[in-house]
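Chain letters run A, B, ... following the sequence lines, proteins first, then strands; residues in each count from 1. These values consider heavy atoms only, across backbone and side chains, with no hydrogens, waters or symmetry-generated copies.
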Protein chains: 2
Amino acid sequence: MPKTASPALTRWTRRKEARPAELLAAALDIFVEKGYAATRLDDVAARAGVSKGTLYLYYDSKESLFKAVIRGGLVPAIQRGEKVFEAHSGPMTELLEKIIFGWWEEVGTSQLGGIPKLMFAEAKNFPELADFYYTEVISRGYGLVRKVLEAGRDRGEFIAIDPEYGTRLVLAPLVFLLLWRHSFSMCERQPIDPEKYLGIHMRLAIDGLRARPAAGASALPEAR
Amino acid sequence: MPKTASPALTRWTRRKEARPAELLAAALDIFVEKGYAATRLDDVAARAGVSKGTLYLYYDSKESLFKAVIRGGLVPAIQRGEKVFEAHSGPMTELLEKIIFGWWEEVGTSQLGGIPKLMFAEAKNFPELADFYYTEVISRGYGLVRKVLEAGRDRGEFIAIDPEYGTRLVLAPLVFLLLWRHSFSMCERQPIDPEKYLGIHMRLAIDGLRARPAAGASALPEAR
DNA sequence: CTTGTTATTGACTGATTGGTCAGCAATGTA
DNA sequence: TACATTGCTGACCAATCAGTCAATAACAAG
């Protein structure tokens with residue numbers, strides 16, 4: 001017990017106001033790095049510069065901490081997307097690109113981009129978290145893109161494809177890119193270029209969705 | 001010899017030959033259900049009708065058990081795909097559909113379809129497994145589809161898109177469907193119809209990739 | 001029936017971690 | 001300085017689980 005209680009009288013400071021945000025930032029880091037189940041709350045607390053006991057003063061369980069991360073990170077991003085939709089006027093092709101690239105810049109390139117992968121990974125083992133995420137993030141994000149496709153169809157810009165499936169097919173490569181960058185990307189020698197990938201995707205997708213003036217027999221009669 | 005001693009005394013039988021396969025089948029079940037880290041070897045052993053000790057007689061660690069599952073399940077499926085490629089003659093559009101739908105029927109609709117989700121989920125926490133899977137499954141699967149796209153381009157069926165990115169974009173919705181069905185599908189009221197989803201995807205993708213005879217100015221100049 | 005061989009068991013170990021709480025240290029007050 | 005309030009700590013508990021191994025049950029041979 002050489003406790004060396006020396007000059008350092010003050011070993012820590014009380015900072016009640018700043019703790020919640022610091023803990024959320026630390027939690028986002030560790031959750032994205034390790035996944036939900038594998039995240040140790042000791043690590044989160046340490047990264048935030050406090051002890052595990054302190055963490056429990058501000059969040060009463062691992063689950064509530066995680067939900068707070070989602071609410072503070074992805075939900076606002078979705079809301080901004082909804083704002084963009086409402087504020088937009090002009091071709092839906094433009095709006096679609098704006099939303100997809102905007103989401104990529106805001107979420108894909110940031111720490112938050114790790115959350116979707118995490119959720120796919122843990123959805124089955126934590127059905128309650130999955131429901132929460134599905135309601136708060138997925139259904140709203142899908143609804144947003146579906147509204148764009150429906151508006152484009154109503155304006156005669158897009159062909160009359162089932163909006164439910166169109167939405168999924170437009171978003172799949174985007175989400176897949178997110179998942180890839182947080183899983184196997186470290187296995188490849190030559191990493192993917194997200195801008196190029198998304199650029200080609202949008203070109204192909206918009207070209208595929210665009211209503212042909214009076215094209216020949218080959219172009220998507222009704223998509224089954 | 002057929003003297004079936006009092007069955008009450010015989011509590012188990014020795015079945016050295018059958019154990020490995022039974023353990024593999026049980027392991028696939030539990031791995032897909034719970035994920036890699038969350039799988040308890042006690043559960044695997046129980047499902048195979050043996051004790052954990054027995055499991056360790058046939059596989060010396062959780063990791064080697066998992067690798068055996070991959071080698072016995074997905075790798076052969078890839079190999080069959082490669083066979084299909086070699087045996088095919090005719091339009092590459094047909095081959096592409098054959099491979100995509102074949103993979104779906106063989107892997108997507110079976111227990112094996114849970115493995116890709118599992119791998120995405122655990123890749124970061126188990127880099128060694130990720131490398132193994134990337135080498136044995138992903139790179140071979142991608143290589144197969146890339147060869148189809150390159151052949152199609154050489155035959156003049158497809159436009160000259162970067163095959164690396166074309167491959168990713170063709171496969172992303174397929175893999176995404178796999179991941180979805182093993183994660184959030186249980187959250188939606190109206191489940192997705194895989195046939196319809198893949199059908200629309202292939203229509204859009206093939207239409208997007210198909211070389212236009214002498215189309216106007218709008219159709220994909222060179223995809224950036 | 002006896003004896004040797006081996007497939008199988010299940011209790012055990014050691015390490016890990018979500019969550020708890022009694023006590024202490026920082027700050028405020030007089 | 002003495003006392004009160006409270007933000008914070010870290011040892012601790014209980015549960016979980018990969019991996020081990022001495023004991024034992026099944027079988028075969030003589």
Could you go over nucleotides 10-16 of chain C and give all protein N or O partners under 3.5 Å, atom names and distances?
none

**Q.** Partners passing side-chain contact (heavy atoms from CB on, under 4.5 Å) against B/T54 (at least two apart in sequence or in another chain)
**A.**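 Per chain and number, B/T54 pairs via side-chain contact (heavy atoms from CB on, under 4.5 Å) with B/V50, B/S51, B/Y58.
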
Heavy atoms from C-beta onward define the side chain here; which of [options] lies closest to that of [X]?
{"X": "B/K62", "options": "C/dG19, C/dT9, D/dA18", "result": "D/dA18"}
{"X": "A/Y56", "options": "C/dG19, D/dT9, C/dA7", "result": "C/dG19"}
{"X": "A/R15", "options": "C/dT9, D/dC8, C/dG18", "result": "D/dC8"}
{"X": "A/L41", "options": "C/dG19, C/dT8, C/dT27", "result": "C/dG19"}

Integer-rounded Å distance: [N] [atom2] and [X] [atom1]:
{"X": "B/K16", "N": "C/dT5", "atom1": "NZ", "atom2": "C1'", "answer": "11 Å"}
{"X": "A/E17", "N": "D/dT6", "atom1": "CD", "atom2": "P", "answer": "14 Å"}
{"X": "B/L55", "N": "D/dC17", "atom1": "CG", "atom2": "P", "answer": "15 Å"}
{"X": "B/I30", "N": "D/dA18", "atom1": "CD1", "atom2": "C1'", "answer": "16 Å"}
{"X": "A/W12", "N": "C/dA26", "atom1": "CH2", "atom2": "C1'", "answer": "5 Å"}
{"X": "A/D43", "N": "D/dG10", "atom1": "CG", "atom2": "P", "answer": "16 Å"}
{"X": "B/L57", "N": "D/dG19", "atom1": "CG", "atom2": "P", "answer": "14 Å"}
{"X": "B/N125", "N": "C/dT17", "atom1": "CG", "atom2": "P", "answer": "11 Å"}

(Q) Does any part of the side chain of B/L24, heavy atoms only, come nearer than 4.5 Å to the side chain of B/L65, both counted from C-beta? (A)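 Result yes, sub-4.5 Å side-chain heavy-atom pair found.
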
Q) When the aromatic ring centroids of B/F132 and B/F66 are compared, is their separation below 6.0 Å? A)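 No - the distance between ring centres of B/F132 and B/F66 does not fall below the 6.0 Å cut-off.
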
**Q.** Quiz item: cation-pi between B/K147 and B/F85, 6.0 Å / 45°
**A.**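 Yes, B/K147 and B/F85 form such a contact.
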
Q. Can you say whether the rings of A/Y197 and B/Y165 are parallel (under 30°), tilted (30 to 60°) or perpendicular (over 60°)?
A.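 If you compare the ring of A/Y197 with that of B/Y165, the planes turn out tilted.
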
(Q) Closest-nucleotide mapping onto DNA chain C: is B/R19 or A/D42 further toward the 5' terminus? I mean the 5' end. (A)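 Closer to the 5' end of DNA chain C: B/R19.
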
(Q) Taking 4.0 Å as the cut-off, does a side-chain nitrogen or oxygen of A/Y58 come that near to OP1 or OP2 on D/dC8? (A)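 Yes, because at least one side-chain N or O of A/Y58 sits under 4.0 Å from OP1 or OP2 of D/dC8.
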
(Q) Any side-chain N or O of B/R14 below 4.0 angstrom from OP1/OP2 of D/dA28? (A)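 No, because none of the side-chain N or O atoms of B/R14 sits under 4.0 Å from OP1 or OP2 of D/dA28.
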
Q) Of B/D60 and A/G49, whose closest DNA chain D nucleotide lies nearer the 5' terminus? A)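 Here A/G49 is the residue nearer the 5' end.
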
Q. If every non-hydrogen atom of A/E122 is compared with every non-hydrogen atom of A/Y36, which pair is closest and at what distance?
A.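 Reported closest heavy-atom pair: OE2-N, 2.9 Å.
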
(Q) A quick test of your reading: do over 12 heavy atoms of other residues, nucleotides or ligands sit less than 6.0 Å from NZ of B/K34? (A)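 No - once you tally the heavy atoms of other residues, nucleotides and ligands closer than 6.0 Å, there are 12 at most.
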
